[in-house]
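Down below is the structure, laid out as structure tokens.
Quick caveat: nothing in here was measured; it's all calculated off a predicted structure. Throughout, protein chains are lettered first and strands after them, A, B, ... in sequence-line order, and every chain is numbered starting at 1.
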Amino acid sequence: MKVKFPTNLVEAREFQKSIAVKVSLKDTVRKIKRIGALDVAYKGDIGYAAGVIYDLEEKEIIEKQTFSERVTSPYIPTFLFLREVPLFLNLVKKFTNDPDIVFIDGHGIAHPQTAGSATVFGVLWDKSTIGIAKKPLRPFSYEKTKTKNMDRIFIKDRLVGIRYKVRKDWNPIYISPGNRVSVNTSFEIVKRNMTEKYKLPYPSQVAHAFSLEAKSIV
DNA sequence: GCGACAG
DNA sequence: ATCTTGTCGC
């Protein structure tokens, strides 16, 4: 798919609007066998993107890939996709295994324009993606659920994700659909892949560690 | 009007 | 995200 990537913030906002109308929150994935996870580490203006694919049946990481490139867009809240999505699109070209769904560090639809990194990437690649962030993006509001450690995240009266407090004394994580998955399923999949020691799901942990490794072993 | 604001 | 010392806690 050919895409003319935005070159300034005005174009970027229009781009996000065009992405937002293409988002699907339907659960298209029947059975999840492989989960992908992507993350980026930086050294100066070089971004080191790392991706892993976790096989749920084998219970192991079956593939790891990296892609690094100079990143010129500065970090501006709500415009993170300008920095990371180009790296992700190049990185996933290297995958020989096709993931059923992909975890992305950052927000999906829990974003002012309904178009966080996980959503932009998910729509462009036409893949199921889930955004997992450590901090919320304003404006937002919460609504309690029956479960004590999870709250619904709302943006302008629209359910956009789940705030999940993995451990009582840990800061919560913010889970939202990127594309082709519902809010509830996003939460269930992430919850099902947690480990005891970290607040991020296993595939994300490995992707994060791998990006740091890729950054330092240069 | 100013400030808050993923990684 | 990254830059960084000591320090608190399991």
- Query: Using centres under 5.5 Å plus planes under 30 degrees as the test, is A/Tyr75 stacked with C/dA1?
  - Reply: no
- Between A/Asp100 and A/Lys31, does at least one N-O distance fall below 4.0 Å, as a salt bridge requires? no
- Query: When the distance from OH of A/Tyr164 to C1' of B/dA6 is rounded to whole Å, what number comes out?
  - Reply: 20 Å
- Message: Under 4.0 Å from OP1 or OP2 of B/dA4: is there any side-chain N or O of A/Arg138 that close?
- Response: no
- Sole residue of A/Lys93, A/Lys33, A/Lys127 in salt bridge (charged side-chain N to carboxylate O under 4.0 Å, His left out) with A/Asp98: A/Lys127
- Message: Test side chain to side chain contact (heavy atoms under 4.5 Å, CB included) on A/Ile35 and A/Ile189; report intermediate values, then the result.
- Response: CA-CA 10 Å; A/Ile35 296 177; A/Ile189 294 175; 4.3 Å; yes
- Query: How close or far is atom C1' of B/dG7 from atom OH of A/Tyr48, stated in whole angstroms?
  - Reply: 17 Å
- Message: Please tell me if A/Tyr174 has a side-chain N or O lying less than 4.0 Å from either OP1 or OP2 of B/dA6.
- Response: no
- Message: If I take atom CG in residue A/Leu91 and atom C1' in nucleotide B/dG7, what distance separates them, rounded to the nearest angstrom?
- Response: 16 Å
- Item | Steps toward side chain to side chain contact (heavy atoms under 4.5 Å, CB included) verdict (A/Trp125, A/Asn179) | CA-CA 10 Å; A/Trp125 197 25; A/Asn179 187 37; over 6 Å; no
- Query: Between A/Arg167 and A/Glu196, does at least one N-O distance fall below 4.0 Å, as a salt bridge requires?
  - Reply: yes
- Note on the structure: Of the candidates C/dT2, B/dG7, B/dA6, the side chain of A/Arg83 sits closest to B/dG7
- Candidate pair A/Phe210 and A/Asp39, rule side chain to side chain contact (heavy atoms under 4.5 Å, CB included), full reasoning: CA-CA 8 Å; A/Phe210 191 34; A/Asp39 193 16; over 6 Å; no
- Query: Counting just side-chain N and O atoms, does A/Lys215 come under 4.0 Å of either OP1 or OP2 of C/dA1?
  - Reply: no
- Looking only at side chains, do A/Ser182 and A/Asp27 share a donor and an acceptor under 3.5 Å apart? yes
- Would you mind reading off the distance between A/Arg167 atom CZ and C/dG9 atom P, rounded to a whole angstrom? 20 Å
- Does anything in residues 187-207 of chain A reach DNA chain B, meaning a heavy atom under 4.0 Å, and if so which residues? none
- Whole angstrom is fine here: how far is it from NE2 in A/His208 over to P in B/dG7? 10 Å
- Should A/Glu188 and A/Lys191 count as an ion pair when the cut-off is N to O under 4.0 Å? no
- With the side chain of A/Pro77 defined as its heavy atoms from C-beta on, choose the nearest nucleotide among B/dG7, B/dC5, C/dT2. B/dC5
- Task: Take atom CZ of A/Phe140 and atom P of B/dA6, then tell me their distance rounded to the nearest Å.
- Result: 10 Å
- Result of checking A/Lys165, A/Lys146, A/Lys144, A/Arg163 against A/Asp151 for salt bridge (charged side-chain N to carboxylate O under 4.0 Å, His left out): A/Arg163
- Message: So, does A/Lys135 get its side chain near the phosphate of B/dA4, meaning an N or O under 4.0 Å from OP1 or OP2?
- Response: no
- Item | Secondary structure string for DNA chain B (Watson-Crick or G-U under 3.5 angstrom, | for other-strand pairs) | .......
- Rounded distance (Å) that lies between atom P of C/dA1 and atom CG of A/Leu87: 15 Å
- Message: Can a side-chain donor-acceptor contact be found between A/Gln113 and A/Thr78 if the only test is distance below 3.5 angstrom?
- Response: no
- Message: Rounding to an integer number of Å, can you tell me how far A/Phe103 CZ sits from B/dG7 P?
- Response: 16 Å
